[in-house]
Amino acid sequence: MCRLFALTSRDPVSPMLAIKALDVMKEGHDGSGMGLLLQDLGGPFEEMKEAPILSGIFSEEGIRRLDLFMMDLGFLTKYKISLKVPKKPVEGIPRRDLYLIRAYELPEDWDSLSKEDMASRLSGIRLKIREMGEEKNDMIVFSFWPDTIMIKEIGDPLLLAQYLGLDRKELKARIIMAQGRQNTNYAIDLYACHPFFIKGYSTMTNGENTAFIPIKDFLTSRGIPAYSGYQSDSEVFAHILHYSLEELGLGIDGYKHVITPLQESDLSVHPDAGFLSHLKRTCRSLIIDGPNCIIGTLPDHSLFMVQDRKKLRPGVVGGKPGLYAFSSEICGLDAVIPDRDKSRDIQPMHLDTVIVSPDRQEVAICRQTEALNLPL
Amino acid sequence: MSSNRSLEPSALSINDLPWQVKYSNDRCTLCGQCTAVCPVQAIELTVFRKRTLKTSIRRQAEQVTNQDVFYGIWQRTDVAHACIGCAMCTLVCPNDAIHPQKNPGLDRMKFHINQQGVPRRRGGRRNAAGSILDRIKFTRISMLTDPALDAGRHEFEMRTLLGRVLSPRENMKRLREKGWIPPVREIYPLIIGGMSFGALSPTMWEGLQMGVAYLNEEMNMPVRMCTGEGGCPPRLLRSRFLKYVILQIASGYFGWDEIIHAIPHMKEDPCAIEIKYGQGAKPGDGGLLMWHKVNKLIAAIRGVPQGVSLPSPPTHQTQYSIEESVAKMILSMSMAWGFRVPVYPKISASSTSLAVLNNLTRNDYASGLAIDGEDGGTGAAYSVSMDHMGHPIASCIRDNYLNLIKIGKQNEIPIFAGGGIGKNGNLAANAAALIMLGASGIQIGKYVMQAAAGCVGTEEDRCNVCNVGICPKGITSQDPRIYRRLDPEDVARRVVDLFVSFDTELKKIVAPLGRSTSLPIGMSDALGIDDVAAAQRLSIKYVV
């Protein structure tokens, strides 16, 4: 089972904090890979919140092709961090030319674009770069979105962090999600590595998604190009989140009703029974059935955790005003926020969605049996 | 027959018959029960003459010839009275003195069963034991990658939807705009398929209805039953139990006068309306109720004269094209119940099924599609239709489901599969395989008759006399002397047994696959088969 750790902090912190938690939870993952998402960035990126940031891994040839491609589109580099790796290879970490984190100036003609058009164009560019990279095996791209950095690589998380120099001062964020990979189901493929990102939404999950194929079939037939990839059965959790909130207009309190709807007896006495039975029927193909703990972020920088219908996975949320962390195990939380009031730790149960909003003042619990904000 | 007489071409010996009655004179008590119960009078009590000789090696000794007689059972060999293998004789024999045996050689009666130019007609099944569904295995077991679920103790929701489900976005839009949203029923995925009142005996029908009512009201299992084309008893139409019933309309419109007139008096809407365009057992052929079974009651419910055969036309005569058929009829039926009742067509599996499906996807009023495969049963059909016409269900369901995925409507039009599901007794495994290939639910007919009423039919051309009303178990007979053999209470109890045990088996299949909160429709990654070509055709894994 993969180990997950996420934090949301008033002050930007180094990703090393999350990696430390992964290291503490190392018993639970085989160190076969790490995925990292940084959002609500600090440091130099603080000043360029609107600039889309491209995160990925490139060969020398790939970076040349990328530059040509981006210039053709009218993107100019605004700021970049190149993670240059040590010359001496480290066992278990593949040799790469360049880990790229590059913020771009938007082309001038994009100024008049609506938010949706902008999102769809940025996502289109990411998919195009991915496609180009897959052709020649010279580019891997994880995200292309404002205020967002993603790093993924094969190898032990702590060794990787040292290898990539992730403790550098330019890398600071208020939202950090990290996953230590337990590679069981699929061959190691960086596109199969959590967290997954789509247009400002990101999730990471542990556990197998047994309903993967019907969900994938449903998403890929929605006519939305970004609903693609699926090297991992967990990628669909991010896309369902996007679909629920963007396409259906639900709030985060509705997400759990899509993936793990209430059963008939609870549904019939719910204050929004009528609406929810419609939602359950129409989103039947999006019901997840596996044992899964999902941690995710929203474009407004809220952080949330939901559990599967049977609550078969561990997950704990705790912290103090200004700093909260979501962890798949308590020892991870202890390592990062030892001075919190542990009696206020929350382990979300099968009906709960736990949310820490961007003000980072408290942990809100939304139970599935409560009334929800209807998008009507 | 004497050896010096001329032989008729159709003169048969026991050796030519499909079923041979094995009889032990030593054990027979001559009680006569077997001859009385035989539905086709294949056996009769006869006096046999036997000559015994007593000879001696001594030349002087007297040679004695005795002519004895004894009584015993004689099997008739003419086509009309050929044994059908039902084994009712064995069932009633107190001494195990008699049983039919399948002729291990060639059944030559086949060449003579068209006496007076009438080809063989029969009820029952295709009589082909092979089943691709039986060969499908569930190979994706969650064990250490994730804890498998507990079929006995975890919560499950094995329900399906019957009705047109809009896309999430469209549904949301109509909720917002307070537009019309098609009716959808949440039902149990195993449905008792269309078997008419007329094809089935009153006791059988009553038993099924009671069983279904019990399952709904006591077991919390929303099981539904389709009427078939034969109308519906007036009391049921006006009762609260109508909500458990899918009313079928077919090309003969039998019973629909009564139904239409009952609409203002209905306390509940029916579960759904099934428009039958085709049947897997005899695709392209209409329903048939032979005159033997059209008694006073059946005639009254169907609104026809007594004692006449009722062949429904092969297609709905008021329409001339698929667009007409589907669009107009679905709309008319929807309108009759104020657009509150799902209406869907049932067709026989065919390589043209996709065309029908594509047509339905563009029609908001179409609530689903039931597809009946070649192994479907029938109360009466020409043998040639049953044996040689039709399309296997597995690939037809798969093609249709994959087509829905292609256009993104896989959750919108539920496909129901029927025809030979559980024909070798593996109901839950066959049903689960079809669900994972893309079916939203399963219709069964013959299985219910076998499990709930003891139908003796097998895939070896056994019995198959449903068409002429002499069903030895009273399941498809309209003769009170025969159907009183069947107690409706017993049928109801067995219907409940069947569904409850099916439910356990279904959970035993889906739980190890890590599924419990929704029916695993289209979960094809769980399936494997030991045949490359079949795996390729069905887009599932090849496993050996």
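So you know, we letter chains A, B, ... as the sequences are listed, proteins then strands, and number each from 1.
With a 4.5 Å cut-off on non-hydrogen atoms, B:Glu155 touches chain A through its backbone and its side chain both. Looking at B:Ile181, only its side chain comes within 4.5 Å of chain A, counting heavy atoms on both sides. At a 4.5 Å heavy-atom cutoff, the contact between A:Tyr243 and chain B is made by side-chain atoms alone. With a 4.5 Å cut-off on non-hydrogen atoms, A:Lys216 does not touch chain B at all. For B:Val165, the part sitting under 4.5 Å from any heavy atom of chain A is the side chain, from C-beta outward, and nothing else. Looking at B:Ser440, the atoms closer than 4.5 Å to chain A (heavy atoms on both sides) all sit in the side chain, from C-beta outward. In this structure, the portion of A:Arg222 lying under 4.5 Å from any heavy atom of chain B is its side chain and not its backbone. Neither the backbone nor the side chain of A:Leu286 comes within contact range of chain B, judged by heavy atoms closer than 4.5 Å.
The minimum heavy-atom distance between B:Arg515 and A:Asp289, with the atom names listed, is NE-OD2, 2.8 Å. Closest approach of A:Thr210 to B:Ser142, counting heavy atoms only: CG2-OG, 3.7 Å. Summarising the geometry of A:Arg284 relative to B:Asn411, their closest heavy-atom pair is NE-OD1, 2.9 Å, with the distance given to 0.1 Å.
Of the listed residues B:Arg159, B:Lys173, B:Arg169, B:Glu177, the one with more heavy-atom pairs under 4.5 angstrom with chain A than any other is B:Arg169. Contact count against chain A (heavy-atom pairs under 4.5 Å) is highest for B:Pro168 among B:Pro168, B:Ser524, B:Ser518.
Between A:Lys310 and B:Thr517 there is a side-chain heavy-atom pair separated by less than 4.5 Å. Between A:Gln263 and B:Phe156, every side-chain heavy-atom pair lies at or beyond the 4.5 Å cut-off. With a 4.5 Å cut-off on side-chain heavy atoms, B:Gln410 and A:Ser221 count as touching. The closest side-chain heavy-atom distance from B:Ser167 to A:Phe218 is not below 4.5 Å.
The environment of B:Arg340 atom CZ is dense: over 12 non-hydrogen atoms of other residues, nucleotides or ligands sit within 6.0 angstrom.
The stretch residues 246-260 of chain A places A:Glu247, A:Leu248, A:Leu250 near chain B, each with some heavy atom under 4.5 Å from a heavy atom of that chain. At a heavy-atom separation below 4.5 angstrom, chain B is approached by A:Pro375, A:Leu376 within residues 369-376 of chain A.
Looking at A:Arg309 and B:Glu157, no side-chain N of the basic residue comes within less than 4.0 Å of a carboxylate O on the acidic one, giving no salt bridge. Look at B:Arg140 and A:Glu208 and you find a salt bridge, because one of the NZ, NE, NH1 or NH2 atoms lies within 4.0 Å of a carboxylate O, short of that distance.
Atom CE of B:Met523 is separated from atom CD1 of A:Ile215 by 10.0 Å, given to the nearest 0.5 angstrom. Rounding to the nearest 0.5 Å gives a distance of 8.5 Å between CG of B:Asn171 and CG of A:Leu279. Here NE2 of A:His278 is found 11.0 Å from CZ of B:Arg174. Values are rounded to the nearest 0.5 Å.
Looking only at distances, no side-chain donor or acceptor of B:Asp525 sits under 3.5 Å from a matching main-chain atom of A:Ile213.
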Atom pairs and distances, side-chain donor-acceptor, residues 429-438 of chain B, under 3.5 Å, sequence neighbours left out:
residue: B:Asn430; atom: OD1; partner: B:Gly422; partner atom: N; Å: 2.9
residue: B:Asn430; atom: ND2; partner: B:Asp134; partner atom: OD1; Å: 3.0
residue: B:Asn430; atom: ND2; partner: B:Asn426; partner atom: O; Å: 3.3

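Scanning for ring-ring contact (aromatic ring centres under 6.0 Å, His included) contacts around A:Tyr230 gives A:His239, with sequence neighbours left out.
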